[in-house]
Amino acid sequence: MHPLIHQLDLQPHPEGGFYKEVYRSSQIVNSPANQQSRNTLTSIYFLLLQGQISRFHKVLHDETWHFYSGAPLKLIDLYDRCDEHILGSDTKPNFQRTIVANHWQAAETTGDYSLMGCTVAPGFDFNDFSFLSDDKENAENVQESFPQYARFI
């Protein structure tokens, strides 16, 4: 087991990897996306180990990924097209990327591990989260249009 799992008290995440919520704002706002009350902002640690992936999922609100340590992370942003972003590269410094609300997103480490932070505003709620695998029609379309990403579904 990777030492960061114990050091940061991480737990398995449903999309893959490990996480721990480190901040949840006490302020409450009304989400413009679903008219529900949400914390203003949430933040987690997110760890992917070699061989693990973050499966395609979407969040109802914008999510910013922050690179902390380890190997660079490949972050996939899928909407009308598919874009790959590498976070944490020394050759092309890029240490954060925002995935816009309702875009499908997936990720994997390019080495032994990648430790990231993920911030969502309005704050994350599992009711605002869905997997591409649960949307059969869209999952089939992604497999046909982007077969190289089928393993992330």
Side-chain angles (χ1 to χ4, degrees), residues 1-29 31 33-34 36 38-79 81-135 138-139 142 146 148-153:
M1 185 174 296
H2 195 280
L4 284 172
I5 295 170
H6 176 71
Q7 290 170 0
L8 299 174
D9 192 28
L10 304 176
Q11 302 300 316
H13 195 290
E15 76 193 46
F18 299 89
Y19 82 110
K20 179 181 181 175
E21 184 174 273
V22 292
Y23 182 75
R24 181 170 288 273
S25 173
S26 61
Q27 295 178 339
I28 303 295
V29 296
S31 165
N34 65 3
Q36 300 291 314
R38 295 290 180 257
N39 301 86
T40 303
L41 179 117
T42 57
S43 181
I44 64 169
Y45 289 133
F46 185 69
L47 175 71
L48 283 174
L49 302 176
Q50 186 173 39
Q52 293 181 322
I53 60 169
S54 167
R55 296 186 305 143
F56 271 118
H57 63 283
K58 66 180 174 180
V59 179
L60 192 60
H61 304 107
D62 292 352
E63 179 171 9
T64 299
W65 291 66
H66 314 268
F67 178 83
Y68 293 144
S69 69
L73 181 91
K74 177 169 59 173
L75 181 60
I76 304 161
D77 181 357
L78 175 64
Y79 194 65
R81 63 177 205 220
C82 193
D83 294 319
E84 277 190 24
H85 307 281
I86 301 296
L87 302 183
S89 171
D90 291 335
T91 57
K92 184 179 177 191
N94 185 13
F95 298 100
Q96 78 176 35
R97 171 68 60 175
T98 298
I99 303 294
V100 176
N102 289 310
H103 281 210
W104 295 108
Q105 55 183 298
E108 71 177 334
T109 184
T110 62
D112 291 338
Y113 78 95
S114 297
L115 178 64
M116 309 296 293
C118 296
T119 303
V120 179
F124 181 82
D125 186 300
F126 273 105
N127 290 319
D128 303 333
F129 174 91
S130 60
F131 285 114
L132 179 58
S133 61
D134 293 335
D135 183 340
N138 271 332
V142 169
F146 305 101
Q148 70 273 32
Y149 298 118
R151 68 188 177 91
F152 291 93
I153 298 173

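Predicted model only: the values in this text are computed from it and were never measured. All residue numbers refer to positions in the sequence shown, counting from 1.
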Does the side chain of N34 pick up a donor-acceptor pair with the side chain of S31 at under 3.5 Å? yes
Would you find more than 12 non-hydrogen atoms of other residues, nucleotides or ligands less than 6.0 Å from F95 atom CZ? yes
Just checking Q27: does its CD atom have more than 12 heavy atoms from other residues, nucleotides or ligands closer to it than 6.0 angstrom? no
Can you say whether the rings of F124 and F129 are parallel (under 30°), tilted (30 to 60°) or perpendicular (over 60°)? perpendicular
[atom1]-[atom2] distance between [X] and [Y], expressed to the nearest 0.5 angstrom:
{"X": "D9", "Y": "Q11", "atom1": "CG", "atom2": "CD", "result": "5.5 Å"}
{"X": "E15", "Y": "L48", "atom1": "CD", "atom2": "CG", "result": "7.5 Å"}
{"X": "Y45", "Y": "L47", "atom1": "OH", "atom2": "CG", "result": "12.0 Å"}
{"X": "Q52", "Y": "Q50", "atom1": "CD", "atom2": "CD", "result": "10.0 Å"}
{"X": "Y149", "Y": "L132", "atom1": "OH", "atom2": "CG", "result": "13.5 Å"}
{"X": "F131", "Y": "H57", "atom1": "CZ", "atom2": "NE2", "result": "7.5 Å"}

Side chains of D77 and H103: does their closest heavy-atom pair fall under 4.5 Å? yes
Does N39 use its side chain to pair, donor to acceptor, with the backbone of S25 at less than 3.5 Å? yes
Backbone of A71 reached by a side-chain donor or acceptor of S114 within 3.5 Å: yes
Can you list the steps and then say if Q105 with W65 is a side-chain contact (heavy atoms from CB on, under 4.5 Å)? CA-CA 11 Å; Q105 55 183 298; W65 291 66; 2.8 Å; yes
Can you name the closest pair of heavy atoms from [X] and [Y] and give their distance?
{"X": "A33", "Y": "L60", "answer": "CB-CG, 3.6 Å"}
{"X": "E63", "Y": "C118", "answer": "OE2-CB, 3.2 Å"}
{"X": "V142", "Y": "L78", "answer": "CG2-CD2, 3.5 Å"}
{"X": "S130", "Y": "W104", "answer": "O-CZ3, 3.6 Å"}
{"X": "P122", "Y": "H61", "answer": "CD-CD2, 3.3 Å"}

For D62, the option from V120, T119, T98 that meets side-chain contact (heavy atoms from CB on, under 4.5 Å): T98
Residue of the set L73, T109, I44 for which side-chain contact (heavy atoms from CB on, under 4.5 Å) holds with M116: L73
Y23 meets the ring pair (Phe, Tyr, Trp, His ring centres under 6.0 Å) criterion, sequence neighbours left out, with none
Under the criterion side-chain contact (heavy atoms from CB on, under 4.5 Å), I'd like the reasoning laid out for F18 against L49: C-alpha separation, chi angles, the key distance, then a yes or no. CA-CA 9 Å; F18 299 89; L49 302 176; 3.9 Å; yes
Does anything in residues 101-125 form a salt bridge (charged side-chain N to carboxylate O under 4.0 Å, His left out)? List the pairs, not counting sequence neighbours. R38-D125, K74-E108, E108-R151
In sequence, state the C-alpha distance, the side-chain angles, and the governing distance for I76 and C82, and then conclude on side-chain contact (heavy atoms from CB on, under 4.5 Å). CA-CA 7 Å; I76 304 161; C82 193; 3.5 Å; yes
Please lay out, stage by stage, how F46 and S54 fare under the test side-chain contact (heavy atoms from CB on, under 4.5 Å). CA-CA 10 Å; F46 185 69; S54 167; 4.0 Å; yes
